[in-house]
Amino acid sequence: MSALVVVASVGLFADGRQLLQESVWAKPLKFGASFVMYGATLAWLIPKLRRARRTMWFVGTVFAVAGLIDVGFIAVQAARGTFSHFNAGTDTFNLIGQRIFSTGVFGLFGASLIVAVMLLFQRVGDAALTWALRAGLGLAVLGMALASFITGWTSLAAPRTVQDAYGSPVTLVGGHGVGAPDGGGMPITNWSTTGGDLRVPPTSSACTPSRYSC
């Protein structure tokens, strides 16, 4: 993820391609940075959980693999100049990738939920630190759970046709905008400035690497 942050940062300046008025490398950069912070936190926390250490090692591995697959797909789609989220393209690579991509969030959510539950029955340091970690990880899991509402909203949205980085038409089914189409939002977060945005609650409740948070 750290390597991706470096590559995507260079891409922001060296690659002029855009998707919905935003650099193709903006999304990989945000997801990479999110996973660096969240992954480093879990790498520090998991060894401090003394119970079920083998299980916790397995959970951490599941999170790492799921994150690598999901963010890897986001990076590859960016390099291809097309969309990773909501992309209903019928080319073989996208069809297979979207199926794998859609399952990764369950690994990320499930691993985080298990760590959060284990933390309820163990102490890490003094009481203040333990409760701070419980609250922070609880908010992270809540943020991931709230992101599932975007999937429900997506199923009700009508498809729309946009252009990829090369000007070719791409069909998007769903999105995160409410009352306004996706694209052209705030700096950095890219939240909508003309309507509602379903990404705000998950991202505001915690800085999580949810597949919908950025």
Side-chain angles (χ1 to χ4, degrees), residues 1 4 7-8 11-12 14-35 66-109 143-203 208-214:
M1 298 302 169
L4 177 60
V7 171
L12 285 178
D15 191 342
R17 295 177 300 165
Q18 291 189 333
L19 294 171
L20 297 179
Q21 306 171 9
E22 187 178 46
S23 170
V24 295
W25 295 105
K27 189 181 293 291
L29 175 60
K30 288 184 283 187
F31 271 88
S34 175
F35 270 81
L68 181 63
I69 292 173
D70 263 19
V71 181
F73 179 72
I74 292 172
V76 170
Q77 290 291 80
R80 297 177 69 219
T82 191
F83 299 86
S84 54
H85 292 69
F86 312 117
N87 190 336
T90 56
D91 61 283
T92 303
F93 183 88
N94 184 66
L95 287 175
I96 296 175
Q98 290 293 337
R99 288 193 173 224
I100 299 174
F101 185 44
S102 62
T103 61
V105 67
F106 295 107
L108 299 175
F109 174 77
M144 294 182 189
L146 288 174
S148 64
F149 287 102
I150 298 179
T151 304
W153 176 261
T154 294
S155 64
L156 300 175
R160 65 183 180 125
T161 301
V162 297
Q163 292 183 340
D164 65 12
Y166 301 103
S168 301
V170 177
T171 300
L172 300 182
V173 178
H176 37 69
V178 180
D182 298 347
M186 295 171 57
I188 303 178
T189 63
N190 202 35
W191 293 341
S192 176
T193 57
T194 58
D197 198 311
L198 292 172
R199 296 171 298 179
V200 178
T203 312
T208 71
S210 162
R211 60 173 293 210
Y212 302 112
S213 66
C214 297

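FYI, the numbering just counts along the sequence from 1.
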### Query
Taking side chain as C-beta onward, heavy atoms only, is Phe93 less than 4.5 Å from Arg80?
yes
### Message
With heavy-atom distances below 4.5 Å as the criterion, would you say the side chains of Val162 and Phe83 are in contact?
### Response
yes
### Summary
Note: Leu108 and Gly67 closest approach over all heavy atoms is CD2-N, 3.5 Å
### Message
Tell me the closest heavy-atom pair linking Val173 and Ala88, and the distance in Å.
### Response
CG2-CB, 3.5 Å
### Message
Ignoring hydrogens, what is the shortest heavy-atom contact between Leu19 and Ala165? Give both atom names and the distance.
### Response
CD2-N, 3.5 Å
### Message
Looking at every heavy atom in both Gly11 and Ser23, which two are closest together, and how far apart are they?
### Response
O-OG, 4.4 Å
### Task
Answer yes or no: are there more than 12 heavy-atom neighbours, outside Phe106 itself, under 6.0 Å from its atom CZ?
no
### Task
Please examine the side chains of Met1 and Phe31, heavy atoms only from C-beta on, and report whether any two atoms are closer than 4.5 Å.
no
### Task
Check Leu172, Val170, Thr171 against Thr161 for a side-chain contact (heavy atoms from CB on, under 4.5 Å) and give me the one that passes.
Thr171
### Summary
In this structure, CG of Leu95 is separated from CD1 of Ile100 (nearest 0.5 Å) by 11.5 Å
### Task
Only counting residues at least two apart or in another chain, list the ones meeting side-chain hydrogen bond (donor to acceptor under 3.5 Å, both in side chains) with Asp15.
Arg17, Trp25
#### Entry: Rounded distance [0.5 Å steps], CG in Asn87 versus OG1 in Thr82
4.5 Å
### Task
Evaluate the criterion side-chain contact (heavy atoms from CB on, under 4.5 Å) for residue pair Ile74 and His85; output intermediate values, then yes/no.
CA-CA 8 Å; Ile74 292 172; His85 292 69; 3.9 Å; yes
### Query
Which atom pair, heavy atoms only, marks the closest approach of Ala66 to Gly104?
CB-O, 3.8 Å
### Task
Would you please name every residue forming a side-chain contact (heavy atoms from CB on, under 4.5 Å) with Gln18, sequence neighbours left out?
none
